[in-house]
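Quick caveat: nothing in here was measured; it's all calculated off a predicted structure.
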Amino acid sequence: MLYYDFITYHDWTFIIKVSKFGLKSIDIYTNEDLSNLSMNQQLTHPYIKILKDYFNGIPIPKDIKLDLEGTSFEKLVWHKLMEIPYGKTLSYKDIAEGISKPKAFQAVGNAVGSNPLLIVIPCHRVIKADGRLGGFSSDIQLKIDLLNKEGATYL
């Protein structure tokens with residue numbers, strides 16, 4: 001069973017989904033069918049608090065409980081993303097080299113794009129090697145906002 005709740009930040013409403021094992025997903029809410037989920041503020045509260053803290057300038061704690069589903073490669077990339085310090089950026093190439101797969105930067109891009117945990121797995125901190133923003137699986141304005149909030153440098 002998955003449980004959910006919402007959090008709003010500026011113009012974005014996020015849906016937080018958790019299982020009994022941990023945080024499952026964070027997405028921008030787009031009026032999806034929630035009939036197979038159950039609202040449970042008791043289970044979602046710790047994660048909502050972490051996000052509220054983040055929006056107030058406190059980095060995401062490293063010991064957050066996650067319930068990730070993905071390929072072993074995706075999980076490898078996502079764990080590497082979680083090592084990017086608050087306010088810093090890395091390129092897709094940097095990530096590929098960091099997981100000892102220097103030629104896999106396109107596959108890294110795909111894994112970054114399939115990240116189920118916006119903000120917690122900081123895919124917004126990944127930019128192009130030339131310093132430009134690159135893509136973002138959500139609203140590009142959100143990526144800009146999060147990078148600016150963190151004081152990160154990009155072109």
Side-chain angles (χ1 to χ4, degrees), residues 2-30 40-101 105 108-155:
L2 288 180
Y3 307 94
Y4 74 95
D5 201 354
F6 300 100
I7 182 172
T8 300
Y9 170 71
H10 293 298
D11 294 334
W12 299 281
T13 297
F14 299 93
I15 184 167
I16 312 302
K17 296 178 188 170
V18 302
S19 73
K20 62 181 179 177
F21 302 109
L23 184 60
K24 196 82 170 156
S25 70
I26 302 172
D27 292 303
I28 293 177
Y29 180 63
T30 56
N40 186 320
Q41 293 177 331
Q42 183 178 355
L43 286 176
T44 58
H45 175 75
Y47 303 104
I48 297 287
K49 183 182 180 327
I50 286 169
L51 286 172
K52 283 181 179 179
D53 287 349
Y54 170 81
F55 294 138
N56 286 313
I58 299 169
I60 302 289
K62 299 292 183 199
D63 62 348
I64 186 171
K65 281 181 59 177
L66 306 179
D67 184 8
L68 289 174
E69 285 184 34
T71 67
S72 57
F73 182 80
E74 287 172 332
K75 288 179 182 179
L76 179 67
V77 170
W78 299 337
H79 285 286
K80 192 66 177 172
L81 296 182
M82 291 179 75
E83 295 175 9
I84 304 172
Y86 183 93
K88 302 295 181 190
T89 59
L90 289 179
S91 70
Y92 298 96
K93 182 180 177 186
D94 294 331
I95 300 295
E97 290 172 351
I99 61 170
S100 301
K101 300 191 181 296
F105 54 89
V108 165
N110 291 336
V112 170
S114 64
N115 171 19
L117 291 170
L118 284 176
I119 303 162
V120 170
I121 297 177
C123 55
H124 61 279
R125 295 180 189 150
V126 182
I127 61 174
K128 291 185 170 189
D130 65 4
R132 291 183 297 143
L133 284 177
F136 194 54
S137 63
S138 279
D139 185 339
I140 192 69
Q141 191 57 49
L142 176 60
K143 180 174 185 166
I144 292 167
D145 188 80
L146 295 175
L147 288 173
N148 288 342
K149 170 177 266 320
E150 294 182 14
T153 304
Y154 62 91
L155 298 177

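- Looking at residues two or more places apart in sequence or on another chain, you find no ring pair (Phe, Tyr, Trp, His ring centres under 6.0 Å) involving F14.
- Between H124 and L147 the shortest side-chain heavy-atom distance falls below 4.5 Å.
- Side chains of K65 and Y47 form a contact here, defined as non-hydrogen atoms less than 4.5 Å apart.
- Among residues two or more places apart in sequence or in another chain, the side chain to side chain contact (heavy atoms under 4.5 Å, CB included) test is passed with L90 by I84, D94, I95.
- Atoms CH2 and CG, on W78 and L68 in that order, are 6.0 Å from each other to the nearest 0.5 Å.
- More than 12 non-hydrogen atoms from other residues, nucleotides or ligands lie less than 6.0 angstrom from NZ of K62.
- By the 4.5 Å heavy-atom criterion applied to side chains, M82 and P122 are counted as neighbours.
- Applying the 6.0 Å contact sphere to NZ of K93 captures no more than 12 heavy atoms from other residues, nucleotides or ligands.
- The line from OG1 of T13 to OH of Y29 is 9.5 Å long, rounded to the nearest 0.5 Å.
- Note that CD1 of I50 is 9.0 Å distant from CD1 of I26, once rounded to the nearest 0.5 Å.
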Trace of the side chain to side chain contact (heavy atoms under 4.5 Å, CB included) decision for K80 with V77: CA-CA 5 Å; K80 192 66 177 172; V77 170; 5.6 Å; no
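- Residues satisfying the side chain to side chain donor-acceptor pair (under 3.5 Å) criterion with Y9, sequence neighbours excluded, are D145.
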